[in-house]
There are 2 protein chains.
Amino acid sequence: MPRKVQPVAQGPRRSVLSDETYDMVKAMILTHEIAPGAKVNIDALALKLGVSQTPIREALARLESDGLIAKEALKGYSTTKLLTVKQFNDLFQFRLLIEPWAAEQSAKQIDAVGIAALNAEMQSAKTALKLSESEQVQAFIEHDARFHSLITRISGNESVTESFERTHCHLHLFRLFLAAQSHLLDDKPKDKFVEDLFYRYYQTGSGQLTIKEHEAIRSAICSGDDKGAKAAMQKHIQSSLDRFSPAAKALNK
Amino acid sequence: MPRKVQPVAQGPRRSVLSDETYDMVKAMILTHEIAPGAKVNIDALALKLGVSQTPIREALARLESDGLIAKEALKGYSTTKLLTVKQFNDLFQFRLLIEPWAAEQSAKQIDAVGIAALNAEMQSAKTALKLSESEQVQAFIEHDARFHSLITRISGNESVTESFERTHCHLHLFRLFLAAQSHLLDDKPKDKFVEDLFYRYYQTGSGQLTIKEHEAIRSAICSGDDKGAKAAMQKHIQSSLDRFSPAAKALNK
DNA sequence: AAATACTATTTCGTATAGTATTTTGACGTC
DNA sequence: GACGTCAAAATACTATACGAAATAGTATTT
């Protein structure tokens with residue numbers, strides 16, 4: 001028995017190990033520390049994270065429900081592959097169904113708290129512009145995730161909020177981005193255009209474009225312009241679909 | 001080629017225990033064998049199902065992701081409560097966002113396989129009419145679940161299909177129904193109207209109404225009438241919302 | 001080369017023990 | 001009686017070891 005020399009005289013642990021494990025494994029998937037489509041060995045993972053199998057099993061079960069990990073009976077777990085072009089398009093079509101509606105609803109019932117939250121989020125996006133290029137990408141995807149999530153929450157509809165969260169769309173986008181980046185690091189000049197596609201839309205220019213579109217949405221919502229908010233959101237999602245689509249195609253060649 | 005020496009004899013039920021456990025616990029929630037909001041003791045459940053804790057924990061972790069079970073750190077699992085009126089309305093609003101679209105898409109790309117599946121499902125609904133009243137309710141909810149699920153699948157959009165499945169809307173409706181039924185069994189005459197509300201709409205008359213609405217949707221989809229399919233689906237969901245809504249209110253008084 | 005047999009690895013489930021935390025309930029104080 | 005304290009019981013959580021069964025890989029036979 002590991003005698004556990006002084007587990008630090010801290011207060012009671014707020015969460016449980018299986019929850020922390022869930023977050024850690026999710027982060028490992030996000031960052032390609034576990035590559036898309038790779039096998040996930042429970043023993044190895046337990047060893048790596050310094051925990052026993054039990055919390056790992058629970059975490060993987062939840063991640064499977066999330067669609068981030070696939071389970072094959074008697075063959076074990078593996079991470080899901082990158083989105084195919086079809087899944088990518090399906091995902092954006094789905095977003096087009098619920099997010100414009102969410103923006104419309106938000107405009108109809110926005111209050112001071114919501115306005116403050118939206119303003120704060122836009123502020124964080126603008127400060128992200130000051131980061132270096134590589135950090136900007138991550139910062140912008142995170143801002144984008146928070147911004148869209150925030151609007152579904154302001155809409156007030158639990159089902160809509162949950163179903164949006166479950167798509168993990170920004171996690172998938174980030175994985176696609178990382179895949180494109182690693183293509184670059186390979187000495188494969190033929191994939192040069194992937195660089196263009198992804199960087200072009202995630203770099204400063206695109207960051208400012210995203211901010212501009214987000215600002216239009218925020219403005220419409222905060223002024224109670226429901227139809228305008230709906231239209232702005234629809235345009236924004238369509239716009240990012242158009243931006244990403246060629247890159248997604250390239251990666252799924 | 002694997003040897004496969006006829007394991008058919010006693011049939012090793014051991015496919016993957018944790019999956020079977022998941023289904024069993026889900027069924028127990030559906031049937032109120034575990035009441036809404038009740039604590040779920042892992043030891044007791046393991047004992048009851050005759051398995052060890054491991055598969056139980058995995059099943060509960062997945063059910064938590066499904067929103068059928070809630071987990072509180074260091075306090076354990078418990079089933080989620082019945083839908084509140086707000087959650088009920090949110091759920092139907094969500095369905096109104098995605099299902100009419102799914103019907104529309106289905107009409108645009110219906111093929112022979114889809115037509116056959118829709119026809120078969122309608123047939124099963126009609127045979128359900130021959131069952132006794134109590135059996136009819138369950139049969140109709142199951143038909144309803146399959147019918148709507150089928151259409152999201154025919155629409156071809158994975159995100160839409162998955163997000164619809166995850167709502168478990170028919171499971172929640174069935175739990176509401178069972179709750180109403182048990183209200184009846186209590187000697188509480190004041191809840192008499194709950195009986196009316198639920199039975200009125202699930203009995204023969206409502207069954208035939210549901211069939212009629214489903215038939216309109218099927219017909220529009222199979223004939224490629226996309227706008228008609230969308231309208232019919234919208235009308236159907238709105239109609240069932242109107243039917244259920246007073247009952248849901250009564251239960252959440 | 002194809003089918004079979006054997007071995008190694010891995011998954012899946014069980015059992016058990018130990019720790020951490022909550023819950024319970026008795027007890028005493030105000 | 002209301003309220004807080006504190007120990008005991010119950011329960012949740014984690015660790016670990018073991019074994020059965022399936023898969024995967026390798027060797028052998030036909």
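Note that this is a predicted model, so its numbers are computed, not measured. Chain identifiers are assigned alphabetically (A, B, ...) following the order of the sequence lines, protein sequences preceding nucleic acid strands; residue numbering begins at 1 within each chain. Hydrogens, waters and symmetry mates are skipped; everything else that's a heavy atom, side chains included, is used.
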[X]: which residues meet the side-chain contact (heavy atoms from CB on, under 4.5 Å) condition with it, sequence neighbours left out?
| X | result |
| --- | --- |
| B:Gln87 | A:Glu158, B:Leu83, B:Thr84 |
| B:Ala139 | B:Ala128, B:Leu131 |
| A:Gln53 | A:Ile42, A:Asp43, A:Arg57 |

Could you pull out every donor-acceptor pair under 3.5 Å between side chains of residues 23-30 of chain B and any protein atom, sequence neighbours left out?
none

Just the rounded figure in Å: distance from [atom2] of [N] to [atom1] of [X].
| X | N | atom1 | atom2 | result |
| --- | --- | --- | --- | --- |
| B:Ile56 | D:dC13 | CD1 | P | 14 Å |
| A:Leu60 | C:dT11 | CG | C1' | 13 Å |
| B:Ile42 | C:dT14 | CD1 | P | 14 Å |
| A:Lys71 | C:dT10 | NZ | P | 19 Å |
| A:Gln53 | C:dC12 | CD | P | 10 Å |
| A:Asp19 | D:dC13 | CG | C1' | 11 Å |
| B:Tyr22 | C:dG13 | OH | C1' | 20 Å |
| B:Arg57 | C:dT14 | CZ | C1' | 14 Å |

What nucleotide among [options] has an atom nearest to a side-chain atom of [X]?
| X | options | result |
| --- | --- | --- |
| A:Val51 | C:dG13, D:dC13, D:dA15 | D:dA15 |
| A:Leu74 | C:dT14, D:dA22, D:dA15 | D:dA22 |
| B:Tyr77 | C:dG13, D:dA15, D:dC13 | D:dC13 |

For DNA chain D, write out the stems as range with range, using runs of 3 or more consecutive Watson-Crick or G-U pairs with both distances under 3.5 Å.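 Looking at DNA chain D, the stems formed by three or more consecutive pairs are C:1-30 with D:1-30.
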How is A:Glu72 classified with respect to the nucleic acid when contacts are heavy atoms under 4.0 Å: base, sugar-phosphate, or nothing?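 It contacts sugar-phosphate atoms only.
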Paired with B:His148, the side-chain contact (heavy atoms from CB on, under 4.5 Å) test is passed by just one of B:His143, B:Glu165, B:His170, namely B:His170
Residues in salt bridge (Lys or Arg N to Asp or Glu O under 4.0 Å) contact with [X], at least two apart in sequence or another chain:
| X | answer |
| --- | --- |
| B:Lys48 | B:Glu33 |
| A:Lys81 | none |
| A:Arg175 | none |

Mapping B:Gly50 and A:Val40 onto DNA chain C by nearest heavy atom, which one lands closer to the 5' end?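 Its nucleotide being nearer the 5' end, the pick is A:Val40.
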Looking only at non-hydrogen atoms, find the nearest pair between B:Phe94 and A:Asn157 and report the distance. N-ND2, 4.3 Å
Protein-nucleic acid N or O pairs under 3.5 Å, nucleotides 23-25 of chain C:
{"unit_1": "C:dT23", "atom_1": "OP1", "unit_2": "B:Lys75", "atom_2": "NZ", "d": "3.2"}

Side-chain donor-acceptor distances from residues 60-68 of chain A under 3.5 Å, at least two apart:
{"unit_1": "A:Arg62", "atom_1": "NH1", "unit_2": "A:Asp19", "atom_2": "OD1", "d": "2.8"}
{"unit_1": "A:Asp66", "atom_1": "OD1", "unit_2": "A:Arg166", "atom_2": "NH2", "d": "2.8"}
{"unit_1": "A:Asp66", "atom_1": "OD2", "unit_2": "A:Tyr22", "atom_2": "OH", "d": "2.3"}

Ring pair (Phe, Tyr, Trp, His ring centres under 6.0 Å) contacts touching residues 31-72 of chain B (sequence neighbours left out):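 Sorted result for residues 31-72 of chain B: empty, none.
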Check: B:Val160 main-chain N/O paired with B:Thr152 side-chain donor or acceptor under 3.5 Å: no
Under 4.0 Å between a side-chain N/O of A:Ser52 and OP1 or OP2 of D:dA15, yes or no? yes
Using a cutoff of under 3.5 Å, can you pull out all pairs of nitrogen or oxygen atoms linking the protein to nucleotides 8-10 of chain D, with atom names and distances?
none

